[in-house]
Amino acid sequence: MDLSVRIGSLRLKTPIMSASGCFGYGVEYADVVDLSTLGAVVVKGLFLKERAGHPPPRIVETPAGMLNAIGLQGIGVHRFVREKLPELRAKGATVIVNICGTTIDEYVEVARVLSEAEGVAAIELNISCPNIKEGGITFGCHLGNTHDVVSAVRRATPLPLIPKLTPNVTDVASFAQAAEEAGADAVSLVNTFLAMAIDVETRRPRLSNGMGGLSGPAIRPIAVRMVYECARRVRIPIIGMGGITSAADVLEFLIAGATAVQVGTATFVDPFIFGKLESGLRDYMSRHAIERVAELVGTLEMPGGTRR
Amino acid sequence: MDLSVRIGSLRLKTPIMSASGCFGYGVEYADVVDLSTLGAVVVKGLFLKERAGHPPPRIVETPAGMLNAIGLQGIGVHRFVREKLPELRAKGATVIVNICGTTIDEYVEVARVLSEAEGVAAIELNISCPNIKEGGITFGCHLGNTHDVVSAVRRATPLPLIPKLTPNVTDVASFAQAAEEAGADAVSLVNTFLAMAIDVETRRPRLSNGMGGLSGPAIRPIAVRMVYECARRVRIPIIGMGGITSAADVLEFLIAGATAVQVGTATFVDPFIFGKLESGLRDYMSRHAIERVAELVGTLEMPGGTRR
Amino acid sequence: MPVDVDAEVLFSTRLSDDYAVIGFRAPAIAGAIRPGQFVMIRTARGDVPLLRRPYSVFDRLRDADGRPVGFSIFNKRVGTGSRLLSEATPGATFSCLGPLGRPFTLPRAGSEAWMVAGGTGLAPFATLSEELAAEGARRRLFYGARTGAELFCVDRFEPIGVDMVLATEDGTRGETGRVTVPLARELAARSGAPPVALYACGPEAMLQAVAALAARYGLTCEVATERRMGCGMGGCYSCVIAVRTPAGGTRFARSCLEGPVFSAADIVWDDVDR
Amino acid sequence: MPVDVDAEVLFSTRLSDDYAVIGFRAPAIAGAIRPGQFVMIRTARGDVPLLRRPYSVFDRLRDADGRPVGFSIFNKRVGTGSRLLSEATPGATFSCLGPLGRPFTLPRAGSEAWMVAGGTGLAPFATLSEELAAEGARRRLFYGARTGAELFCVDRFEPIGVDMVLATEDGTRGETGRVTVPLARELAARSGAPPVALYACGPEAMLQAVAALAARYGLTCEVATERRMGCGMGGCYSCVIAVRTPAGGTRFARSCLEGPVFSAADIVWDDVDR
Ligand SMILES: Cc1cc2nc3c(=O)[nH]c(=O)nc-3n(C[C@H](O)[C@H](O)[C@H](O)COP(=O)(O)OP(=O)(O)OC[C@H]3O[C@@H](n4cnc5c(N)ncnc54)[C@H](O)[C@@H]3O)c2cc1C
Ligand SMILES: Cc1cc2nc3c(=O)[nH]c(=O)nc-3n(C[C@H](O)[C@H](O)[C@H](O)COP(=O)(O)OP(=O)(O)OC[C@H]3O[C@@H](n4cnc5c(N)ncnc54)[C@H](O)[C@@H]3O)c2cc1C
Ligand SMILES: Cc1cc2nc3c(=O)[nH]c(=O)nc-3n(C[C@H](O)[C@H](O)[C@H](O)COP(=O)(O)O)c2cc1C
Ligand SMILES: Cc1cc2nc3c(=O)[nH]c(=O)nc-3n(C[C@H](O)[C@H](O)[C@H](O)COP(=O)(O)O)c2cc1C
Ligand code: FES
Ligand code: FES
């Protein structure tokens, strides 16, 4: 049985990765999870410099989901390369680094630093964080800006480049196309939905930042739809995510058109989830006599009368 | 205690209404609910002519939500006026009619028919149904089209006019503005999120139509955010909805900036919910010594450091 | 007029891993139930599962004085909601909305009533059998399942004078094959009088086969359908089934309001897009 | 190294409407627990509530031979998750991830240990008291609640030789007022030797007051914090608390990894934006 998939020049052992911001820098889990068994460890969004992030409360639970406004607290790319990357390499992890910037130059510089480091498998370009003004949403919600930042980073790095798209747009597939045209090797989606929860007793938001990003099972049906739409409009691989908690959910994304998936919120609930998802996927494949996981990708049979 | 609110020239007894498509034509509930106690009964979306709707399965449950692709099955505006409106009037219901069209002319014609009928309190303009190609989403996702259809219907009816906005856009507040500029008396939001669920065993969508609209508690945090955004950009009242199941949820929308709310999916779970929501609202108001419900509208206190 | 009752579980009788009969205290519902009607049960308090689940009334429960105090359902575990019901223990409460829907029509005097049940489609025939007993008509129940271990509650019907014809697909009990095999044979063998009224509940393929037999022999036939329901009250238009219009066309009828019991002749069976 | 155990509820002792002590069988966790550590408990199987809930270990449970077989928590019902725990009956199972977090540091030999607990902040002091007993140090527990009816488990501590100082805000038991009132008085009254190590767990206002007293008297002080947690494993960065950096600045430390126990002197108390 072949679980491997290709994202540009990169070959992943399995299609199942951790999602950025939901698995720290990966090293936090090195004792309990064999990081080398994951398709990839996608690390927390990194700016060039350290960032404090937002004051707490930073999360709040909502029906079948959660809001977060962490504010991209992080150690910056240089400390990451010095302090975390060696351990990730030692553990045999395939490392994808999620990068952020407030300007195109910053994205480019972060990408450059990572390209020179040893042990980075790919770059995920975060142009979709809804939680900070400069978190890229300014890039991720305008086609022209998306094209510009992807092109610029494309020129700066030979690493596989994966822009991460925001779902907070009218036509996500047009952003996937813009990324493809600008030279992306793949796109990943979805980041979180901009959302808000109010404490009606105090009449204040429940998050210190006011708004936050919705993730978890609640958003899965929207995320699956968006992956399906993108898969029909671009030829580069798609990395799907949003509310995956079971092997059936992984399969939904693959069948909708994702070549690989990421698991975010569900890792909070179960840090041991990766092994369970992989074995569920294997069970399904043997039940359906599917030899290579790649055969499943985009196999959704849409009814004739459908509207899209 | 004063629960009444104003939507244009219309005064509602309470800010709590049924949502379109979730309460049939209202008459189905006349035996079990005193329709005259609702802020308004918003009836199922009506085209000029009868419509068959999509084949089943038309709904599927998702985490804390559901997808629907009913396809706007309906009896058409003429039969509605003849067969349903008299009973609604007899029960003392304040009736808001949700109207659909495939062309601007059809919207105008439906509005005209309703304006001549006896007992229609307002028109909700459905430019946001994600479930049929002609369901208005073509109007609801383009600012110019939104402006055009609202203007045209505005000229055709003296009734309060409430365009219903889709959440499937990048900047919902700009659509609220376009509606305001075109003469709307209020806007209502959100309609459902375009979404999809896949049966991984058959690799087919779970709905006959392929895609459907996500509603229910799952979407509430996004809907609250959108209401908040619109409330800051327009001066006309906002009717908020999306996942309301409790009085606290009603309050979230009011505090975020909605003048009134609609309850959709939750009425499926509990057809007696309106009374419960109203008494919960009264409890809150007496606990907080609030005399008029309108005092609550838009009272969210945003933290200083917030991004928007 | 349906009411919503916070109904206490009185008993839960496990029939197998997947099947159980669960009794609820709900006097306000019990008194009004007609055979073929259903209740919408909220299987959890929170947001998951969100929607109520529709269940046919199995038995009407009575107290020592014969007053209706509740009802039972015949539950098969297939997903989250039915699992929560199947795990319920006495004392737990569930919000139950009912009774809902159009009940069976009783046959003309002098008719025999032949009931056809597949799997949990047995449920509506307990109350129907009792109601028919009052009419004094002969009652036969053709009852099929995949295997003998899934033919439950047979002793519920025999003592009240219902003639049972059992069938299992694997032949472990009763006749071998689908339940429509003995039904077809018996229909062919009958002399023509007294007239027979058919009633069926079970998988749609079975309902369709029974409907075809009814048409062949010119018999009245009612089927209790089980479409996916959102509200059970006519509010959502999710539960539709295609039916013939007087003008010769078809339209989607809400099975919660116009059904779940339909005249078999009215139904167009190929409405589902898969 | 934390493990995930499908832990059976061994007992649930209701202390009041809102409070209960709940015991779980989890040998793999029990053996490794250090005082001050916590477990992340999944309160439901489905998607609501989604996230696990953090709970301090109250008692380490042992079998007849003294081998650790599980742990208990001291649960206050405040919302959905804690309600589900409070309703749990023996035999039910809950996924428990632990032990997690940085435990208390034991005081230098010869020190007295003064523990300060507010409400459910009592929890970590059962295991800490036992561990400290081995050191032979004098142990005092200042324990406060709103009202006397909410001072639970006092008899859990007295038999093992912990001196109890009780306080209630309404004066219905022990001294009247906040627990920091007797603490301040006793600190002022002491001669200076033997040295005292302070340990506190409870509402942040109380922790802050204890930290201020510790600073005033130059005492070591550790506080067990209770920030909102998403994962308990360092993955989500939700549980942060502002701490001082060596360079004199502040930074947000993850309380699940660097805490929940912190040296009081390190914490900047005004990090929360409301
Ligand atoms: C009028 C009527 C009477 C019924 N009577 C009985 C009965 O007596 N005994 C019994 O065991 N079952 C009965 N059913 C079927 C029962 O409602 C479903 O098995 C139940 O809703 C499944 O819920 P779930 O959460 O366990 O399954 P899910 O996990 O939601 O889904 C599992 C399967 O059940 C089907 N299903 C889900 N929701 C519904 C729904 N609202 N209505 C119909 N099917 C659904 C799905 O299509 C899916 O194939 C009846 C259905 C109807 C409409
Ligand atoms: C390290 C640690 C140890 C704790 N030990 C205990 C203990 O021994 N006994 C005890 O009763 N409680 C303890 N708590 C608090 C307990 O975790 C919360 O009461 C519980 O999570 C509330 O869940 P809920 O679903 O009932 O409440 P919700 O309905 O989710 O919310 C109700 C309130 O609880 C708070 N809360 C919600 N989720 C969390 C969370 N993940 N972490 C902290 N607070 C939260 C919310 O801010 C809100 O004010 C501890 C918390 C931490 C961080
Ligand atoms: C606490 C938290 C922090 C996140 N941080 C990041 C981040 O740094 N960069 C990023 O691209 N996405 C971030 N995300 C988004 C996730 O990677 C993912 O896109 C989203 O949560 C949807 O997946 P899920 O439903 O499986 O969580 C974060 C999500 C959460 C919940
Ligand atoms: C079954 C169903 C049918 C609906 N039909 C309509 C409709 O005809 N017209 C319309 O404007 N909105 C329609 N909606 C959207 C609802 O009115 C409402 O905007 C949406 O469901 C969000 O609210 P809720 O989460 O409370 O359900 C429908 C929703 C559902 C679930
Ligand atoms: S189930 Fe809602 S209309 Fe029938
Ligand atoms: S709770 Fe997730 S990092 Fe601490």
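Chain letters run A, B, ... following the sequence lines, proteins first and then strands; every chain starts at 1.
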Take atom [atom1] in [X]; do more than 12 heavy atoms of anything else shown fall under 6.0 Å from it?
X: A/K276; atom1: NZ; result: yes
X: D/R42; atom1: CZ; result: yes
X: D/R178; atom1: CZ; result: no

| query | Can a cation-pi geometry be assigned to A/R58 and D/F252, taking NZ or CZ under 6.0 Å from the six-membered ring centre and within 45° of the ring axis? | reply |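 That pair qualifies as a cation-pi contact.
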
| request: Look at D/C239, D/G46, D/P49 and state which one has the largest set of heavy-atom pairs under 4.5 Å with chain A. | output: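 The candidate making the most pairs under 4.5 Å is D/P49.
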
| task | Select, from D/L51, D/T80, D/V48, the one with the greatest count of heavy-atom pairs under 4.5 Å involving chain A. | result |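 Most heavy-atom pairs within the cutoff with chain A belong to D/L51.
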
| message | Given 3.5 Å as the limit, does a donor-acceptor pair link the side chain of D/R228 with the main chain of A/I59, or not? | response | yes

| field | Where A/I70 and D/Y237 come nearest, the two heavy atoms and their spacing | value | CD1-O, 3.5 Å

| query | So, for A/F272 and D/P2, which heavy atoms are closest and what is the spacing to 0.1 Å? | reply | CZ-O, 4.1 Å

| said: Quick one, A/N68 and D/S238 - any side-chain contact, counting heavy atoms below 4.5 Å? | reply: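 No; the side chains remain at least 4.5 Å from each other.
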
| said: Sub-4.5 Å heavy-atom contacts with chain D: which residues of residues 18-35 of chain A show up? | reply: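 Listed by number: A/G21, A/C22, A/F23, A/G24, A/Y25, A/E28, A/Y29, A/D31, A/V32.
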
| message | For D/V240, run the side-chain contact (heavy atoms from CB on, under 4.5 Å) check against A/P56, A/P55, A/P57 and tell me which one passes. | response |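 With D/V240 as partner, side-chain contact (heavy atoms from CB on, under 4.5 Å) holds for just one option, A/P56.
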
| Roughly how far apart are D/D47 CG and A/T265 OG1, rounded to 0.5 Å? | 11.0 Å

| Nearest 0.5 Å, what's the CG-CG distance between A/D270 and D/L97? |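 Interatomic distance, A/D270 CG to D/L97 CG, rounded to 0.5 Å: 8.0 Å.
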
Does any heavy atom of chain A fall under 4.5 Å from the side chain of [X], the backbone, both, or neither of them?
X: D/R251; answer: neither
X: D/I241; answer: neither
X: D/M229; answer: backbone

Show the atom names and distances, to 0.1 Å, of all donor-acceptor pairs under 3.5 Å that link a side chain in residues 41-48 of chain A to residues at least two apart or in another chain.
residue, atom, partner, partner atom, Å
A/K44, NZ, A/Q73, O, 3.4

